[in-house]
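Numbering starts at 1 and runs along the sequence shown.
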Amino acid sequence: MRKRNWRLIIAGAVLLGFAGLFFLAMLGMVPKSNDPAALMSTVGQVSGAVVGISIVLIVFGLIGKKVPTG
C-alpha cells in the first residue's frame, strides 16, 4: 500500500497556479515592451519550466511512498 504525499501535491498545485498567474500578468506588459515576441518567448519558457516542475511534484505526490505493513 502506498500513502499519498499531500505536501507535494499541494506545492505542485500552488506552483501551477503561480505559473498561470505569472503568464497572465506578463501578457499585460506586452504592449509596453520594445520586443514583445522576445518577451513572450522568455515568459513562455519560464512558465513552461515551472509547469513541468509542478507536474512532476504532483505525480510524485500521487505515487506516494510505501507504508510498511506488518
Side-chain angles (χ1 to χ4, degrees):
M1 189 77 186
R2 293 188 173 267
K3 183 179 177 188
R4 290 187 175 152
N5 191 340
W6 287 104
R7 288 182 183 176
L8 287 178
I9 296 170
I10 293 170
V14 168
L15 271 178
L16 192 64
F18 280 154
L21 287 175
F22 175 70
F23 186 81
L24 292 175
M26 292 304 285
L27 278 176
M29 293 189 181
V30 170
K32 300 173 190 171
S33 175
N34 291 334
D35 192 359
L39 174 69
M40 286 313 294
S41 175
T42 304
V43 169
Q45 288 177 357
V46 170
S47 296
V50 173
V51 166
I53 292 169
S54 68
I55 289 173
V56 169
L57 284 175
I58 292 171
V59 168
F60 280 154
L62 289 173
I63 292 173
K65 62 180 179 179
K66 259 189 189 177
V67 176
T69 57

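- Counting all heavy atoms, side chain and backbone alike, G28 lies closest to P31 at O-CD, 3.5 Å.
- Taking a 6.0 Å sphere around CZ of R2, one finds it holds more than 12 heavy atoms contributed by other residues, nucleotides or ligands.
- Cluster membership for I10 and F18, using ILVMFWY side-chain heavy atoms within less than 4.5 angstrom, is shared.
- Across all their heavy atoms, S47 and A19 have their closest contact at OG-O, 3.8 Å.
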Decide yes or no on side chain to side chain contact (heavy atoms under 4.5 Å, CB included) for N5 and I9, but give the supporting numbers first. CA-CA 7 Å; N5 191 340; I9 296 170; 5.9 Å; no
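- Between the side chain of S41 and the backbone N or O of A37, no donor-acceptor pair lies under 3.5 Å.
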What's the verdict on side chain to side chain contact (heavy atoms under 4.5 Å, CB included) for K65 and F60, showing C-alpha distance, side-chain angles and the deciding distance? CA-CA 9 Å; K65 62 180 179 179; F60 280 154; over 6 Å; no
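- I53 CD1 to I58 CD1: the interatomic distance, rounded to the nearest 0.5 Å, is 12.0 Å.
- If you chain together hydrophobic residues whose side chains sit under 4.5 Å apart, M40 and F22 fall into the same group.
- Pairing each heavy atom of L16 with each of S54, the nearest pair is CD1-OG, 3.5 Å.
- A continuous path of Ile, Leu, Val, Met, Phe, Trp and Tyr side chains, each step under 4.5 Å between heavy atoms, connects L27 with V46, placing both in one hydrophobic cluster.
- With values rounded to the nearest 0.5 angstrom, L39 atom CG is found 4.5 Å from M26 atom CE.
- Residues M29 and F23 fall within the same hydrophobic cluster, defined by Ile, Leu, Val, Met, Phe, Trp and Tyr side chains chained together at heavy-atom separations under 4.5 Å.
- Across all non-hydrogen atoms, the minimal contact from S33 to D35 is OG-N, 3.1 Å.
- In this structure, V59 is a member of the same hydrophobic cluster as V51, with clusters built from ILVMFWY side-chain heavy atoms closer than 4.5 Å.
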